Amino acid sequence: MNLKEEILRLKKELDVTLVAHFYQRDEVFDLADITGDSLELAKRVKENASKYVVFCGVGFMGESVKVLSPEKTVLMPKIACCAMARMIDEGYYEQNLKQINDAGIPNENILPITYINSSAAVKAKVGEMGGMVCTSSNAYKIIEKGLKSGKKIFFVPDRCLGQNFAKSLNLKSAVVGDGSDLTQADIICYNGFCSVHQLFTVEDVEFYREKYPDILIAVHPECDPSICDLADFVGSTSQLITYIKELPLEQKVAVGTEYNMVNRLREKNTYILSSTKPECPTMNETTLEDVYNTLKSIEDNNISAQNEIIVSKDVTKWAKVALQRMLEL
Ligand code: 13P
Ligand code: SF4
């Protein structure tokens with residue numbers, strides 16, 4: 001059996017849209033009907049008419065699709081988890097809020113913003129407190145809007161993103177639990193991070209700058225602030241793609257983000273800003289065989305509960321509010 005041909009046949013015969021994030025393996029990415037970053041995927045799937053969505057990505061992305069389009073059946077060939085999203089749940093969220101309250105900042109003075117890399121349950125907590133979701137593509141807009149409330153921003157779960165955006169907006173940030181004075185901060189960050197984007201180091205930047213003095217360094221804002229400070233360009237997945245594709249062909253660029261995506265950007269003069277292979281391990285779990293099995297389960301009317309994304313009504317209600325506040329902007 002030719003897996004690729006079978007997948008194409010099933011896609012044609014069933015009322016299915018196959019969706020893949022930019023970090024997916026090439027063989028999966030190439031067969032998808034919709035590809036994009038997490039924001040594009042959530043928006044485009046919402047506008048798409050098909051009943052079934054087979055989503056190749058990580059759990060929080062599938063959940064966002066389900067929250068925004070509860071009428072659709074959302075299936076993930078592998079329910080892979082984002083390591084960063086796993087660093088926070090409702091309990092840790094509440095614990096951090098209490099620490100902020102104990103520092104003398106009451107909830108009335110706090111506006112929570114969650115990076116889209118969080119569970120629907122955490123998004124619901126944020127929505128219930130009047131807060132919203134952001135992605136790395138729209139974080140400036142969302143944080144600026146949040147600051148207009150006159151409150152301090154409680155930014156979860158990515159410490160680096162919070163610190164990097166605070167710096168670029170000339171704001172003060174602090175991290176809960178690291179001993180810094182929370183009362184002095186405009187943005188109070190939860191202490192989560194992406195294990196993949198932590199792989200890029202100052203030494204990597206120095207190595208490439210020494211080897212190719214004219215090279216440009218372009219990184220994702222999930223990288224540590226020490227790396228973003230040294231970079232020529234800091235941008236979300238889509239912003240990085242646009243920036244790199246618009247460079248003259250002879251311009252060398254070293255990129256600090258996920259391997260699969262960087263690898264398919266340009267044929268020449270594009271380097272991974274690391275001596276390691278920074279693949280997102282969970283994004284990489286989804287194989288063609290998994291995609292085929294999921295499509296086949298739709299055809300056979302035998303969908304496995306393990307593959308279906310279910311979000312409770314209560315969680316959907318407030319997570320949707322938090323997501324929609326972002327989409328309205
Ligand atoms: P995007 O929002 O840019 O798709 O990124 C999600 C992510 O997990 C980056 O590591
Ligand atoms: Fe999560 Fe990092 Fe993987 Fe993105 S690259 S999905 S933040 S673990």
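We count ligands from 1, going down the list as the structure has it; atoms in each ligand are counted the same way. All values reported here derive from a predicted model rather than from experimental measurement.
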Around [atom], find the nearest protein heavy atom and jot down its residue, atom name and distance.
atom	answer
atom 4 (O) of ligand 1	His21 NE2, 2.6 Å
atom 8 (O) of ligand 1	Asn117 ND2, 3.0 Å
atom 8 (S) of ligand 2	Ala83 N, 3.6 Å

Task: Ser236 N/O under 3.5 Å from ligand 1 N/O - done: no
Open item on the list: Using a plain distance cutoff, I'd like to know if Thr135 has any nitrogen or oxygen under 3.5 Å from a nitrogen or oxygen of ligand 1.
Closed with: no
Would you mind running through ligand 1 and noting each atom that sits below 4.0 Å from a heavy atom of [X]?
X	answer
Asp37	1 (P), 3 (O), 4 (O)
Ser38	1 (P), 2 (O), 4 (O)
Tyr23	9 (C), 10 (O)
Glu222	7 (C), 9 (C), 10 (O)

Closest approach of [X] and [Y], non-hydrogen atoms and distance?
X	Y	value
Leu111	Gly146	CD2-CA, 3.4 Å
Val311	Ala120	CG1-CB, 4.0 Å
Asp290	Lys78	OD2-NZ, 3.1 Å

Task: Atoms of ligand 2, numbered as shown, that sit under 4.0 Å from any heavy atom of Tyr23 - done: 4 (Fe), 5 (S)
- [ ] Under 4.0 Å, heavy atoms only, figure out whether ligand 2 is touched by the backbone of Thr282, its side chain, both or neither.
- [x] neither
Open item on the list: Just to be sure I read this right, does ligand 2 sit under 4.0 Å from the backbone of Glu258, its side chain, both, or neither, counting only heavy atoms?
Closed with: neither
Task: Test item: side-chain donor near acceptor, Ser238 and Ser236, under 3.5 Å - done: no
- [ ] Please work out whether any backbone atom (N, CA, C, O) or any side-chain heavy atom from C-beta onward of Ser136 is under 4.0 Å from ligand 1, and answer side chain, backbone, both or neither.
- [x] side chain
Task: Per-residue contact class, Glu258 against ligand 1 - non-hydrogen pairs under 4.0 Å - done: neither
- [ ] Taking both backbone and side-chain atoms into account, decide whether Cys280 has an N/O/S atom under 2.8 Å from atom 1 (Fe) of ligand 2.
- [x] no
Task: Passing option when Arg159 is tested against Asn164, Asp224, Val176 for side chain to side chain contact (heavy atoms under 4.5 Å, CB included) - done: Asp224
TODO: Tell me, please, if Cys194 has any N/O/S atom, main chain or side chain, under 2.8 Å from atom 3 (Fe) of ligand 2?
DONE: no
TODO: If the plane angle is over 60° it's perpendicular, under 30° parallel, otherwise tilted; pick one for Tyr212 and Tyr208.
DONE: parallel
Open item on the list: Tell me whether Phe155 shares a hydrophobic cluster with Ile110, the cluster being built from Ile, Leu, Val, Met, Phe, Trp, Tyr side chains joined at under 4.5 Å.
Closed with: no
TODO: Would you check if the side chain of Arg86 reaches a backbone N or O of Cys81 as a donor-acceptor pair within less than 3.5 Å?
DONE: no
Open item on the list: Aromatic contact between Tyr93 and Phe154, with the criterion being ring centroids under 6.0 Å apart: yes or no?
Closed with: yes
TODO: Please tell me if the side chains of Ile34 and Asn48 come closer than 4.5 Å, counting only heavy atoms from C-beta onward.
DONE: yes
